[in-house]
Amino acid sequence: MTASFPRAEVVIDLDAVRHNVALLAGRAAGSAVMAVVKADAYGHGAVPVARAAVEAGATWLGTCSLGEALDLRRAGLSVRLFSWLDVPEVDFGPGILADIDLGVSSVDELRRIATAAQQVGRRARVHLKIDTGLSRNGCQPADWPELVAAAAASSDVDVVAVWSHLACADEPGHPSIDIQAKRFADAYDTARAAGLDPLRHLANSAAVLTRPDLHFDLVRPGIAMYGLNPVPQHEDLRPAMTFRAAVALTKRLPAGESVSYGHTWTAERDTTVALVPAGYADGVPRSLSGRMDVWLGGRRRAVVGRVCMDQVVVDCGDDTPAVGEEVVLFADGRAGEPTAREWADKLGTIDYEIVTSMYRPRVQRRYLGERP
Ligand SMILES: *Cc1c(COP(=O)(O)O)cnc(C)c1O
């Protein structure tokens, strides 16, 4: 191991992203793929991931905010871009000029976008969102005819699509899915009756994998692109993110000595411990203290004592790892390493939150499989 080995690093395998996007595109054959790269591509890095997704067949990119979409445009991504959740204060003008499609949830929002379109002298491309039951953004069914009529009558916007988002697609068979699908169909019919001919998009990763009847013209997978499986059934997805560090120091600890703040762990017999310079400031949740393993020297070993801000201590028994030896905190799990999913299960959350929170200033990010 070289002296330049970082304290801790997140490695993103872009070939895994390409594999996952190609798998999803195959499952949604007949539909275009919008790769969802919001929140810095769920912590994986928006620009490199977006490029890899496009290389693997995505023809759209989806972001939550206009700022994220503009960053992708400025980075040279020329595919269709869609941004769906902007605050009232946002200036839509630059987005319209950068050919970014905009989500619309209300007549008020439509007016603001139309005004911006007039100001920049270019029609805005909008996707009208119907709230089919998630009750977050989107237009309530009662207000939908008014929104559709206003959009159809506006000479400042082109209606590209009608869209919505599912609440429980990760629980296949959940009754809400069909209820949402029915409301979506009704909303589409209303738009058609108003003379519009929009695309339709509804499916997140879970629906791409389990509900081919809901793929429509365009699918919007996020989490599965990163190799994390949102549904109970097995899928051939490859987790793209590895979190690793290296042994900084080893020492022999006599029986009876305790480790880390609070002395929550005491060596029952003489043992060798390895210090790993990654702590909660680097993305190792302190609440995993006493219940996490790392992969070190070809096997799992327990982190003992509390997770600190900057370091953890690993019990190696009578093995003595080399200083600089690789320590995997989580990876794809193929060799038996811990995974982001395992952390999420222990923490009572979802793997989305684990990977999305891995952007830390002190943790380097490195890409495998980058193409020139
Ligand atoms: C985040 C998001 C997605 C992607 O969802 P996954 O479960 O990660 O596939 C799709 N559409 C919208 C509107 C989203 O906010």
Side-chain angles (χ1 to χ4, degrees), residues 17 20-21 23-25 27-28 31-44 46 49-50 53 56 58 60-69 72 80-87 100-105 109 126-139 160-172 174 176-177 180-181 184 187 199-212 214-233 235 237 239-241 340-341 344 349-358:
V17 172
N20 300 326
V21 171
L23 180 145
L24 293 160
R27 294 289 279 276
S31 308
V33 175
M34 177 189 295
V36 176
V37 292
K38 64 188 178 189
D40 204 25
Y42 294 38
H44 294 66
V49 165
W60 288 72
L61 297 168
T63 66
C64 176
S65 69
L66 197 50
E68 293 173 300
L72 291 167
R80 296 292 290 270
L81 278 166
F82 177 50
S83 158
W84 61 74
L85 182 56
D86 280 295
V87 293
I100 293 163
D101 290 36
L102 300 167
V104 175
S105 286
E109 194 170 28
V126 298
H127 299 218
L128 305 181
K129 184 170 195 187
I130 174 77
D131 181 0
T132 53
L134 184 58
S135 306
R136 299 193 317 194
N137 67 344
C139 175
V160 173
V162 167
W163 69 295
S164 192
H165 194 39
L166 296 167
C168 307
D170 55 348
E171 296 174 54
H174 194 286
S176 67
I177 302 169
Q180 288 196 259
F184 189 61
L199 303 175
R200 278 172 288 180
H201 52 98
L202 178 64
N204 58 4
S205 298
V208 173
L209 295 169
T210 61
R211 290 295 299 255
L214 303 182
H215 289 169
F216 302 113
D217 304 290
L218 181 60
V219 294
R220 303 189 310 268
I223 196 72
M225 281 175 47
Y226 307 100
L228 303 175
N229 182 358
V231 294
Q233 78 215 25
E235 297 289 351
L237 295 165
M241 183 184 285
R341 177 60 175 270
T349 184
I350 52 177
D351 42 19
Y352 293 66
E353 186 181 359
I354 302 298
V355 291
T356 303
S357 58
M358 283 312 303

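Every number for a ligand or one of its atoms is a count from 1 in the order of the listing. The figures that follow rest on heavy atoms only: side chains count, while hydrogens, waters and symmetry mates do not.
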Location of contacts on W163 toward ligand 1, heavy atoms closer than 4.0 Å: side chain
Ligand 1 versus R220: contacting region, heavy-atom distance under 4.0 Å: both
Donor-acceptor pair, side chain of N20 and main chain of L23, under 3.5 angstrom: no
Pairing residues for H165 by the side chain to side chain donor-acceptor pair (under 3.5 Å) criterion, not counting sequence neighbours: R220
Atom 12 (C) of ligand 1: the protein heavy-atom neighbour that sits closest, reported with distance to 0.1 Å: H165 CE1, 3.4 Å
Distance-minimising heavy-atom pair for G222 and V36: CA-CB, 3.9 Å
side-chain contact (heavy atoms from CB on, under 4.5 Å) partner of S135, the single match among N137, T132, D131: D131
Parallel, tilted or perpendicular: ring planes of H201 versus F82, cut at 30 and 60 degrees: perpendicular
N or O pair under 3.5 Å between A206 and ligand 1: no
Residue, atom name and distance, where the atom is the protein heavy atom closest to atom 9 (O) of ligand 1: S205 OG, 2.5 Å
N or O pair under 3.5 Å between G222 and ligand 1: yes
Which of the ligand 1 atoms, numbered from 1, are nearer than 4.0 Å to a heavy atom of I223: 6 (P), 8 (O), 9 (O)
Closest approach of any protein heavy atom to atom 7 (O) of ligand 1, naming residue and atom: Y352 OH, 2.6 Å
Nearest option to atom 15 (O) of ligand 1, as decided by whichever heavy atom of K38, R136, H201, K129 sits closest: K38
Residues, nucleotides or ligands: over 12 heavy atoms within 6.0 Å of R80 CZ: yes
A169: partners by side-chain contact (heavy atoms from CB on, under 4.5 Å), with sequence neighbours left out: L166, N204, A206, A207
Numbered atoms and elements of ligand 1 in range of Y42, under 4.0 angstrom, heavy atoms: 1 (C), 4 (C), 5 (O), 6 (P), 8 (O)
